[in-house]
Colleague: 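The following block contains the structure, expressed as C-alpha cells.
The sequence lines fix the lettering, A, B, ..., with proteins before strands; numbering per chain opens at 1.
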Amino acid sequence: MTHVTERFFITTAISYPNGVPHLGHAYELMASDAIARFMRLDGRDVFFLTGTDEHGLKMAQTAEREGLTPLQLADRNAAAFRAMGKALDATNDDFIRTTEPRHHAASQAIWKRMEANGDIYLSKYSGWYSVRDEAFFDEKELTTGEGGKRFAPSGAPVEWVEEESYFFRLSAYQDRLLALYAGQPDFIGPDSRRNEVVSFVERGLEDLSISRKTFTWGIPVPGDTKHVMYVWVDALTNYITAAGFPDEQAPRWKYWPASVHIIGKDIVRFHAVIWPAMLMSAGLPLPKRVFGHGFLTNRGEKMSKSLGNVLDPIAMSQQYGLDAFRYFFLREIPFGADGSYSHEAIVGRLNADLANDLGNLAQRSLSMVNKNCDAKVPPRNALTGDEEALLASAYALAGGGRKHMDSFALHAILADIWRVVGDTNRYFAAQAPWALRKTDLARMETVLWTTAEVLRVIGLLAQPFIPLAAQKLLDLLAVPGDRRMFAHAVPDHALVPGTGLPAPTALFPRYVEPEAAGEGA
RNA sequence: GGCAGUGUAGCUCAGCUGGUUAGAGCGUGGCACUCAUAAUGCCAAGGUCGGUGGUUCGAGCCCACUCACUGCUACCA
C-alpha cells in the first residue's frame, strides 16, 4: 500500500515593513508556527511561509523621510522581521520578499492570466481624495462646508480626482464566490468573519482598481510601464510565488493550494473575496481555508505609539522566556478572538500553568524516580482503575487535539493538555507515593511510572506550543528523538521500565519580579 | 440607518438538539501534606445566567420587546 504523506501549506500574511515588527506580527507568526509544528508532528509534509510586502506609497514615503531608497528601507526592516522570526524560533520554510525577482515574475504572470481571461481593463478611477489622509472617501462620509466645499471625516479638505487605472472584473465573480462560501462553509473562519464576508459579497461587488500611476515603487504592469500594480495583485500573489508560480513544475508547486492563510481579521475580506476571485480568473486552485485571528490589546487598550504601550516582541520573549511568551498568547486568547494581555496576566500564566502545574509536576515525580528508583524508569506493576483512567485521558489528547485543530482552536488544545496536567497533580497527591515508599514499593513504582508516562504524552503534545520545554521534558524522560511524533502518543510507545534517566532539572523558572528599584512601568 | 454578534460568579470564559441543587480556571478565605520550583491537594464563600413579558409540566438555553457593548457596511496590509 503506497502511502502519500498529506501536504500542509500554511502562510502568515506578509508584513508591511515600513516599521519594525510589533507584538501583533509576533502573535500571528507564533500561532502559525504552532500550527505548522503541530502538523509536522502529526506527520504532514508542511510548507510554512511568511515574509514581507515591500512595495507601495508608504514604503516610498517612509524611505524618503529617512533618507533611504525604498529598497534600502525594505532591506533593513525585512531583516528585522527575519530576526524576529529567529528570536521566536519560528520554523518557516521560506521568507518571501515581494521585491524579489521571483515575485515580480509571478505577479506579472498572474496578471497576464487574468488579462487573458478578459478580466482586466483600463478605465478611470475617481473619487473624493484627501491628500492629508492619503485616502479616498465615499460621498456619504463627507461633510459639506461653506460654499459647498467638501471635507473628510477627519476635517481635511477633499478634492475630486480621476486617475487612469487598470481594473479587475471582480463583479463578475460574485456568484462564484457565494457558491464557494456556501459549498465550503469552513473556507472562512472564524464563523463571525464568514458571515461578514458573505453579507458583504451579497450586497454586490464592484470592479477593483488594481494599478496606480501615482507612484512607481511597485511591480510594473505588463505591457504598460506607466502603471505599477496596486497592493492587491502584488501582495496576495506572494503565496503562489513561494510555491514556484508560474513554474508549475517547480518542486514546491505541489504544495499549492494552501491549506490555510492565517491573517489578521482586518484583511479577511481581501483573502476571502479578492484573492479567490483572482485565482478563479487565472484558472488556479483556491486556498482551502482563510482564518482571521483577533487583535491584541494591552489591558483593553489598543497598542499605539502615542500611548507608549507598543512592546517589542523580542524583548518580551527574553523577559518571560520564549516558551512562556508563546504559551500565554496561545492559551489565554481563543484563537480568532481579540485578546488582552498584561504583565500580570503573563506572569500569572507562567507561574501557575507552567512553573507550578507542569514544571513542578515533572520535578516532584522525576526527583522521586531519581532518588527511589535508581534513576531508571520504574517498573510498571499492576494498574488500578485510577491509572487506567488517567492514562486514557492522556492518550486521548492527540485525537482531541486534531479535532480542535480542525477549527484552529489552539487555546482548546492547550486547555485539554492542562486539564490532564491538573488531573495528574491530583492523582499524584491522592496516591501519595512518598507515603507508599514506606508501605508499598510496588505501588509507588506504578504511580511513578504512570506519572512519567503521562508526562511523556503531555510532552509530545505540548511540543508545538512550548517547544523548548517540551523537548527538555522529553529529554528528561529519555524519549528517543525518533519517537516524538503524535503517532507515538500511544500505549505501544510507552516508557520502558529500566531505561536510565538523567537527573531532573527545572523546566520553567518561576517569574520573580525584579526587586522594584523604581516604580514599575 | 442596515446586517451580524455578544451580554452567565471579583476577572476570563464553558454551558450539546430546553429537564433534578448553573460549571471551569484564575483570584479570595480556611485546612491538609511534605515528593516538589513556598510548589500541590482538599474544603468554602460568591451568580435572581443584561432587563421586561411570553410559550411550556419545565428555560441560561425557544419567542417578542427592551437596554448596553462589539464587528461589518470595499481600494486601509
Colleague: Does rC35(B) have OP1 or OP2 sitting under 4.0 Å from an N or O in the side chain of Arg437(A)?
Modeller: yes
Colleague: According to the Watson-Crick and G-U wobble definitions, with both distances under 3.5 Å, which nucleotide is paired to rC26(B)?
Modeller: rG10(B)
Colleague: Whom does rG58(B) pair with, Watson-Crick or G-U wobble, provided both distances fall under 3.5 Å?
Modeller: none
Colleague: Does Arg426(A) make a side-chain N or O approach to OP1 or OP2 of rU40(B) shorter than 4.0 Å?
Modeller: no
Colleague: rC3(B) C1' sits how many Å from Arg193(A) CZ, rounded?
Modeller: 14 Å
Colleague: Would you say Thr52(A) and Phe95(A) make side-chain contact, with heavy atoms under 4.5 Å?
Modeller: yes
Colleague: In whole angstrom, give me the gap between the C1' atoms of rG27(B) and rA64(B).
Modeller: 39 Å
Colleague: Between rU21(B) and rC35(B), how many Å separate the two C1' atoms, rounded to a whole number?
Modeller: 38 Å
Colleague: For atom P, what is the distance between rG50(B) and rC16(B), given to the nearest Å?
Modeller: 14 Å
Colleague: Could you measure between the two C1' atoms, the one in rA24(B) and the one in rG15(B), and give it in whole Å?
Modeller: 10 Å
Colleague: Tell me the interatomic distance from Asp357(A), atom CG, to rA38(B), atom P, rounded to whole angstroms.
Modeller: 14 Å
Colleague: For atom P, what is the distance between rG30(B) and rG54(B), given to the nearest Å?
Modeller: 47 Å
Colleague: Which one, rA39(B), rA77(B), rG41(B), comes nearest to the side chain of Arg510(A)?
Modeller: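 Between rA39(B), rA77(B), rG41(B), the one nearest the side chain of Arg510(A) would be rA39(B).
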Colleague: Tell me which nucleotide, if any, is Watson-Crick or G-U wobble paired with rG47(B) when both distances must be under 3.5 Å.
Modeller: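 rG47(B) is paired with nothing.
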Colleague: When both hydrogen-bonding distances must be under 3.5 Å and the geometry is Watson-Crick or G-U wobble, what is rG41(B) paired with, if anything?
Modeller: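 Pairing partner, where one exists within any strand: rC31(B).
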Colleague: Just checking Leu366(A): base, sugar-phosphate only, or nothing, at a heavy-atom cut-off of under 4.0 Å?
Modeller: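 Answer is nothing: Leu366(A) stays at 4.0 Å or more from every strand.
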Colleague: Once the angle between the rings of Tyr125(A) and Phe167(A) is folded into 0 to 90°, is it parallel (under 30°), tilted (30 to 60°) or perpendicular (over 60°)?
Modeller: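 The arrangement is tilted - the two ring planes meet at 30° to 60°.
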Colleague: Among rA74(B), rU37(B), rA77(B), which is the nearest nucleotide to the side chain of Ile267(A)?
Modeller: rA77(B)
Colleague: Taking the ring centre of each residue, are His293(A) and Phe329(A) less than 6.0 Å apart?
Modeller: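 No: the rings miss the under 6.0 Å criterion.
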Colleague: Choosing from rA4(B), rU37(B), rA77(B), which nucleotide comes nearest the side chain of Asp53(A)?
Modeller: rA77(B)
Colleague: Could you tell me how far rG10(B) sits from rG47(B) if I compare only their P atoms? Round to whole Å.
Modeller: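 One P to the other, the span is 8 Å.
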Colleague: Side-chain N or O of Asn425(A) versus OP1/OP2 of rA39(B): is the shortest distance under 4.0 Å?
Modeller: no
Colleague: With nearest nucleotide decided by heavy atoms, which residue, Gln363(A) or Asp266(A), maps closer to the 5′ end of RNA chain B?
Modeller: Gln363(A)
Colleague: Under a 3.5 Å cut-off for both contacts, is rA4(B) paired Watson-Crick or G-U wobble with anything, and if yes, with which nucleotide?
Modeller: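 Base partner found: rU70(B).
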Colleague: Look at the side chain of Val231(A) and decide which nucleotide, out of rC33(B), rC75(B), rA77(B), has an atom nearest to it.
Modeller: rA77(B)
Colleague: Decide yes or no, distance alone: a donor-acceptor N/O pair under 3.5 angstrom between the base of rA36(B) and the side-chain of Asn360(A).
Modeller: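 Yes.
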Colleague: For Tyr230(A) and rC76(B), is the shortest distance between a side-chain N/O and OP1 or OP2 below 4.0 Å?
Modeller: yes
Colleague: Tell me the interatomic distance from Arg203(A), atom CZ, to rG1(B), atom C1', rounded to whole angstroms.
Modeller: 12 Å
Colleague: On a whole-Å scale, what distance lies between the P atoms belonging to rC65(B) and rG29(B)?
Modeller: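 Pairwise P distance, rC65(B) against rG29(B), rounds to 47 Å.
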Colleague: Rounding to a whole Å, what distance do you find between Ile188(A):CD1 and rC72(B):C1'?
Modeller: 13 Å
Colleague: For a quick check of understanding: with a heavy-atom distance under 4.0 Å over all strands, which category does Gly359(A) fall into, base, sugar-phosphate or nothing?
Modeller: base
Colleague: Could you state the CG-C1' distance from Asn372(A) to rC35(B), rounded to the nearest angstrom?
Modeller: 8 Å
Colleague: Using atom C1' in both nucleotides, what's the gap between rC33(B) and rC42(B) to the nearest angstrom?
Modeller: 10 Å
Colleague: State which of rU37(B), rC33(B), rA77(B) makes the closest approach to the side chain of Leu507(A).
Modeller: rU37(B)
Colleague: For a quick check of understanding: with a heavy-atom distance under 4.0 Å over all strands, which category does Ser367(A) fall into, base, sugar-phosphate or nothing?
Modeller: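 If one applies the 4.0 Å heavy-atom cut-off, Ser367(A) turns out to touch the sugar-phosphate alone, with no base involved.
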Colleague: Less than 4.0 Å between a side-chain N and a carboxylate O, is that true for Asp75(A) and Arg97(A)?
Modeller: yes
Colleague: Between Pro497(A) and Pro379(A), which heavy-atom pair has the shortest distance, and what is it?
Modeller: CB-CA, 3.8 Å
Colleague: Whole angstroms only, please: what is the CG-P distance between Asn356(A) and rU40(B)?
Modeller: 4 Å
Colleague: Give a yes or no answer on whether the side chain of Arg212(A) reaches the backbone of Tyr230(A) with a donor-acceptor pair at less than 3.5 Å.
Modeller: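 Such a contact is absent between Arg212(A) side chain and Tyr230(A) backbone.
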Colleague: So, does Glu445(A) use its side chain to make a donor-acceptor pair with the main chain of Cys373(A) at under 3.5 Å?
Modeller: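 No.
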Colleague: Name the pairing partner of rG18(B), where a pair is Watson-Crick or G-U wobble with both distances under 3.5 Å, or state none.
Modeller: none
Colleague: What's Gly294(A) touching, base or sugar-phosphate or nothing? Going by heavy atoms closer than 4.0 Å.
Modeller: nothing
Colleague: Ring-plane angle category for Phe335(A) and Tyr27(A), please: parallel below 30°, perpendicular beyond 60°, tilted otherwise.
Modeller: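 Judged by the thresholds at 30° and 60°, the geometry between Phe335(A) and Tyr27(A) is perpendicular.
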Colleague: Assign Leu170(A) to base, sugar-phosphate, or nothing according to its heavy-atom contacts below 4.0 angstrom with the strands shown.
Modeller: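 Base contact.
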Colleague: Under 4.0 Å, heavy atoms only, any strand: does Asp207(A) hit a base, just the sugar-phosphate, or nothing?
Modeller: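 Base: the residue Asp207(A), judged by heavy atoms under 4.0 Å, touches a nucleobase.
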Colleague: With sugar-phosphate meaning primed atoms plus P, OP1 and OP2, does Trp232(A) contact a base, only sugar-phosphate, or nothing at under 4.0 Å between heavy atoms?
Modeller: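 Base, at least one base atom sits under 4.0 Å.
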Colleague: Any chance the rings of Tyr173(A) and Phe168(A) have centres within less than 6.0 Å?
Modeller: yes
Colleague: Select base, sugar-phosphate, or nothing to describe what Ala355(A) touches, counting heavy atoms under 4.0 Å on all strands.
Modeller: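 Here Ala355(A) touches the bases of the nucleic acid.
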Colleague: Does Leu236(A) reach a base, just sugar-phosphate, or nothing at all? Heavy atoms under 4.0 Å.
Modeller: base
Colleague: In whole angstroms, how far is the C1' atom of rU12(B) from the CZ atom of Phe328(A)?
Modeller: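 Rounding to the nearest Å, CZ of Phe328(A) and C1' of rU12(B) are 10 Å apart.
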Colleague: Are OP1 or OP2 of rA36(B) and a side-chain N or O of Lys371(A) less than 4.0 angstrom apart?
Modeller: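 Checking Lys371(A) against rA36(B): at least one side-chain N or O falls below 4.0 Å of OP1 or OP2.
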Colleague: Atom OH of Tyr327(A) to atom P of rC26(B): distance rounded to whole Å?
Modeller: 11 Å
